[in-house]
Amino acid sequence: MKKIGFIVGGVAVSALLLAGCGQKSSGGSENDGHLKANMAAKQTVNWSETTELTTMDPSKITEPIDITMVGNTDEGLYRLGKNHKLIPAIATKTQVSSNGKTYTFTLRKGVKWSNGDPVTAKDFVYSWKRTINPKTASQYGYIFDGIKNANKIQANKAKAGSLGVKALGNYQLRVNLERPIPYFKLLMAFPIFFPQNQSVVTKYGQAYGTSASKTVYNGPFKMKGWTGTNDKWQLVANQSYWDKKHVYLKQINDQVIKDPSTTYNLYQSGQVDVATLSGTQVKNELNNKDMHVLKDSRIFYLEFNQRTRPSFKNKALRQAFAFCIDRQSFTKNVLADGSVPAQGFVTSGLANNPKTGEDFTKEAMQGSTGIEYNPTKARAKYKEALKQLGKKSLSLQILSGDTTAAKHSAAYVQGQLEKILPNLKISISSVPLKTLIQRQTHHQFDFFVSNWGADYSDPYTFLQILQSNNTFNEGGWTNKQYDKLVRRSASVDANRPQQRWQDMLAASRVIMKDQGVAPIYQATIPQMRNPKIKGIVYNSAGLSFNLKGVYVAK
């Protein structure tokens with residue numbers, strides 16, 4: 001998921017990212033009549049967010065909150081359940097060719113958009129081609145890598161119409177890949193691959209997805225009340241949804257609250273049903289049965305602007321900054337929310353060696369460096385960097401979000417760097433989310449604490465974004481050996497699990513050796529939750545939470 005500079009800790013992501021869909025009822029394992037007998041008469045939940053919503057256009061989503069809202073109001077071929085389990089959604093059947101390069105999806109009939117239009121295979125074809133078209137400028141276009149002609153289209157070497165996706169009538173979708181993609185089905189549950197209604201996109205043009213009224217929905221809920229700039233909206237049950245009988249909530253009232261203390265107070269007074277907490281609040285509530293500390297597949301790291309800030313092309317300077325961060329102290333005393341020091345660029349608990357079962361991060365860090373706190377080495381590297389740069393001092397700026405947690409964390413890093421490194425002046429620029437995204441995208445920053453959450457349960461979801469040509473590599477780090485290893489894992493070794501695993505391990509070690517980025521910590525999500533809310537299941541891949549199957553008990 002999209003990186004957000006210095007929106008740190010459990011409050012880094014929308015509270016809605018806390019769970020995968022329980023969906024026991026739609027899976028047939030829970031007695032529907034018994035469930036409804038135990039439901040409260042009023043099926044309304046009051047939620048809160050830490051960042052503002054930026055778009056509802058599936059082709060242009062980048063932020064966790066955008067992905068979450070689209071994931072609750074739209075639907076694709078699959079949904080994700082507990083432990084990354086794929087649950088059929090619009091797809092009722094999937095056939096895969098013997099070489100793993102052709103997928104044929106049979107679609108569910110009777111699925112409709114909220115305006116009454118049928119959802120067909122053509123809506124998927126249109127959506128994918130629109131997203132991959134360079135004119136759309138989707139930052140997530142890179143994730144189509146491996147689908148026939150996707151890379152050529154993004155490089156303006158082929159037309160968007162040549163993408164390897166085709167409608168075989170209204171209810172069959174065929175996808176042709178250039179190589180086997182081990183995690184391809186998991187991608188189909190990611191909102192960037194959801195269908196879009198061409199007539200609606202055409203009707204609203206540039207305004208499509210900029211407010212709740214300028215789009216159309218095919219998922220469990222519809223959005224109301226979002227104007228594109230306000231901080232309050234509602235999700236209401238979509239009566240056009242094909243499985244509406246298993247959507248129990250009637251309405252979700254959502255609002256943006258950037259200060260965790262305010263959210264906590266609103267939870268205590270019963271005005272919100274779920275609240276993501278900060279460190280001090282977590283300590284106070286650890287023994288509360290309504291407290292849930294959930295491990296997140298999200299890594300936070302220093303990202304250095306090597307595109308437009310020549311100083312950060314200097315490896316010694318990057319190493320000096322990395323040596324200054326006391327990850328143990330930072331997670332224990334500043335965040336204090338259960339987050340843990342980073343062990344590498346890929347989060348722990350995400351993937352295991354297909355042969356030995358060893359955790360990827362643990363295996364990748366054997367004999368590796370890059371996450372050590374060492375002020376002596378930091379000063380030596382800084383001195384070396386100044387000499388190589390021909391400078392006696394440096395003045396740099398941290399780009400920061402404007403949440404309370406972001407500001408506090410920026411101040412911590414500023415203090416660490418200035419305390420340890422002589423003749424270094426660090427200032428902080430705290431800006432709203434939309435400005436933050438714009439400055440990151442246009443490389444208007446010195447450095448910031450970036451973060452990335454897994455889009456699917458495979459190390460490639462992290463490694464892919466640091467390739468030289470990736471749109472999310474906003475710092476511009478480049479390394480030929482790294483690019484070669486990542487490409488090899490997705491091409492030559494794509495269908496050879498053990499060789500592919502070794503490629504990814506080697507790539508991960510290159511990041512740390514060259515200090516392409518400086519990992520800081522792996523986040524948790526500390527959450528107070530009204531015990532009457534049932535059906536919430538956390539998906540550790542980081543992906544999206546959906547409210548289908550969630551209900552309020554008596």
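Just so you know, residue 1 is the first one in the sequence shown, and it goes up from there.
Here the two rings, on Y126 and F124, have centers that are 6.0 Å apart or farther. Ring to ring, F184 and Y103 are close: their centroids are under 6.0 angstrom apart. Between F144 and F193, the gap from one ring centroid to the other is short of 6.0 Å.
E49 has no carboxylate O lying under 4.0 Å from a charged side-chain N of K258, or vice versa, which leaves the two without a salt bridge. A salt bridge is absent between R529 and D273: the closest approach of a Lys/Arg side-chain nitrogen to an acidic carboxylate oxygen does not fall below 4.0 angstrom.
Within 6.0 Å of CZ on R174 lie no more than 12 heavy atoms contributed by other residues, nucleotides or ligands. Applying the 6.0 Å contact sphere to NZ of K245 captures no more than 12 heavy atoms from other residues, nucleotides or ligands.
A donor-acceptor contact closer than 3.5 angstrom is absent between the side chains of Q172 and T104. In this structure, a donor-acceptor pair under 3.5 Å is absent between the side chains of N253 and W233. Between the side chains of S59 and T131, a donor-acceptor pair is found at a separation under 3.5 Å. If you check the side chains of W226 and Q234, you find no donor sitting under 3.5 Å from an acceptor.
Scanning both residues, A150 and I132, for their nearest heavy atoms gives O-CG1, 4.0 Å.
Remark: the backbone N or O of Q438 is not paired with any side-chain donor or acceptor of T441 at under 3.5 angstrom. Side chain of W452 to main chain of T461: a donor-acceptor pair is present (N/O by atom type, distance under 3.5 Å, no hydrogens or angles).
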